[in-house]
Amino acid sequence: DQRGLHKLAIIGYGGGHHSILQRCHHGVSLADRRQCELVVVDVGGELRRDRHPRGSGVIGTVHGDRAVKTKFLGHGRDGVVAQRHAQLGERGVRRIRQRVLHGDLAVSAVGLPIAGVTAVARAGGLDRLAGRVHPVFATVFTILVYLSIGPCLAIPRTASTSFQMLVPLIGGGTGLQLAYSVLFFAAAFLVALRPEKLTNWLGRILCPSLILLIVVLFAGCLAHPLAAYYGAPSAEYAALPTVQGILYGYQTMDTLAGLNFGAVIALNIRARGVTESRAVESGTIRAGLLAGGLLLAVYAMLSHAGAQTGAVYPGLATGAEVLTALAQQLFGRAGLVLIAAIFVIACFNTCVGLIACVGQYFHQLLPRIPYPALAAFFAAASMLVSNLGLAAIIRLSTPVLNAIYPAAIVLILLSFLPGLEQRRAVYPLCVGLTALQSIAAALPLGVLSATANALPLGSIGFGWVLPALAGLAGGLLLSRFSH
């Protein structure tokens, strides 16, 4: 090398230094071999054997997405080779975040909910959409959806999650959690008794307050970042990020909620005097798109904040722990108050809306039981389940959601394929085969579970894809022959 052999070199990005690099070929490659792209590096100035080169102290500028943090590996000629791990520059942050959000989590946590709202609006209600499979399926599936987003899973999680965020401030313990859950669900029940006031409460007061608090937390991350790079992903996520992102999105239950809230949005639009069906449909779709855009923005901010926190506090078990650590690091005790306020408001919003929604549905199903009695029952049942704790509820919800979600996804996707409603065999076969595989794969059913998971893509949670395609093809053939 004309500039002399060296052991240590420093690369600067945006005025900062990023540890020690090795010079080699015409780019930067990562030693873990997971990134195959090379980052072009210009190397200029004289290299020395010590840590700091002469002149400005910066011998190279990364022109691509990544700066790197590494150990010395050797020496080369025209570039640098990273030994350890990538450290993201500003453009790298944007690029990785876009891949994460638009490639996996956003599919099941944002895209599918918007599609669900649209599908329900176009069909005229969840009962009509699911009725394309069979009237009995429509009833059973709708009840399962409402129970999942109601007292069995989603509503109890609102109390357990918000309590988890309050533990650093008020302490923990079974007795304290029970007292909190009683107070939480009593307040939610009282607000849910006036469902006609929910729009004013949630849309004009609580939801804007929630978004403002999240923006404050995100602004703190930008102004005082905890780390210059993201934390290392878990092994299963690193291996299959898109697949794991979609499966993690099941836990939001937003797709099931989208099927439910599509009808709720339509009812609210009609309550404002809009009666023409096309206007109701277009208004529902626009509301779903607006809500999806806000969801995407919120997930983007939380993903960036959580990924930074993971670099400083690796090994945290839940999102609640991650955000608590982040808020405390940024703002001290005031940060704990901020994050607790965010979660209490968000969870209370969700709890009130779900109690009202589930109560109204079962009141329509069982008109002899008054709505207040149903709302009280669901609030009390949810209070009992919430005391199992957040981790236990998540463990219970995983197989249930893995069983229900594929049928919901297929039902939504079929609604966007033109002409299938008239081909009556398509919906029953496609959704039916999907549901059989997903239920058998998700629940402990012995040989049936082993067989379901042995199907192609079954090992990564997508064994239902082949049955869905087979049902679609078989339904089209049967419809053609019957015609």
Relative to each other, are the rings of Tyr180 and Phe163 parallel, tilted or perpendicular (30° and 60° limits)?
tilted
Measuring from atom [atom1] of [X] to atom [atom2] of [Y], what distance do you get when rounded to the nearest 0.5 angstrom?
{"X": "Ile143", "Y": "Leu147", "atom1": "CD1", "atom2": "CG", "answer": "7.0 Å"}
{"X": "Ile342", "Y": "Ile345", "atom1": "CD1", "atom2": "CD1", "answer": "8.5 Å"}
{"X": "Ile409", "Y": "Ile412", "atom1": "CD1", "atom2": "CD1", "answer": "7.5 Å"}
{"X": "Leu166", "Y": "Thr324", "atom1": "CG", "atom2": "OG1", "answer": "9.5 Å"}
{"X": "Ile355", "Y": "Thr350", "atom1": "CD1", "atom2": "OG1", "answer": "11.0 Å"}
{"X": "Tyr250", "Y": "Ile404", "atom1": "OH", "atom2": "CD1", "answer": "11.5 Å"}

Residue pair [X] / [Y], side-chain heavy-atom distance below 4.5 Å:
{"X": "Leu256", "Y": "Tyr405", "result": "yes"}
{"X": "Ile285", "Y": "Val117", "result": "no"}
{"X": "Leu443", "Y": "Ser449", "result": "no"}
{"X": "Trp464", "Y": "Leu457", "result": "no"}
{"X": "Val167", "Y": "Gln177", "result": "no"}
{"X": "Gln308", "Y": "Cys221", "result": "yes"}
{"X": "Leu330", "Y": "Leu338", "result": "no"}
{"X": "Phe462", "Y": "Val465", "result": "yes"}

Any side-chain donor near an acceptor of the partner, Gln329 and Tyr313, under 3.5 Å
yes
If only atom types and distance count, is the side chain of [X] paired as donor or acceptor with the main-chain N or O of [Y] below 3.5 Å?
{"X": "Ser160", "Y": "Ile393", "value": "no"}
{"X": "Thr161", "Y": "Thr158", "value": "no"}
{"X": "Ser181", "Y": "Leu178", "value": "yes"}
{"X": "Tyr230", "Y": "His304", "value": "no"}
{"X": "Ser386", "Y": "Pro156", "value": "no"}

Non-hydrogen atoms of [X] and [Y] that approach each other most closely:
{"X": "Phe348", "Y": "Ala188", "result": "CE1-N, 3.5 Å"}
{"X": "Gly306", "Y": "Val322", "result": "CA-CG1, 3.8 Å"}
{"X": "Ala287", "Y": "Ile265", "result": "CB-CG2, 3.9 Å"}
{"X": "Tyr146", "Y": "Val358", "result": "O-CG2, 3.6 Å"}
{"X": "Val120", "Y": "Leu126", "result": "CG1-N, 3.7 Å"}
{"X": "Leu176", "Y": "Gly171", "result": "CD2-O, 3.2 Å"}

Tell me if the aromatic rings of Phe189 and Phe185 count as close, with their centers under 6.0 Å from one another.
no
Would Phe362 and Tyr371 count as a side chain to side chain contact (heavy atoms under 4.5 Å, CB included) here? Give the steps.
CA-CA 8 Å; Phe362 280 96; Tyr371 166 77; over 6 Å; no
Assess whether atom CZ of Phe331 is packed by more than 12 heavy atoms of other residues, nucleotides or ligands within 6.0 Å.
yes
Stepwise, does the side chain to side chain contact (heavy atoms under 4.5 Å, CB included) test hold for Leu374 with Tyr361?
CA-CA 10 Å; Leu374 289 168; Tyr361 170 74; over 6 Å; no
Test side chain to side chain contact (heavy atoms under 4.5 Å, CB included) on Leu302 and Leu323 and set out the steps.
CA-CA 8 Å; Leu302 294 179; Leu323 293 177; 4.3 Å; yes
Worked check of side chain to side chain contact (heavy atoms under 4.5 Å, CB included) between Ile155 and Ile149:
CA-CA 7 Å; Ile155 296 180; Ile149 64 172; over 6 Å; no
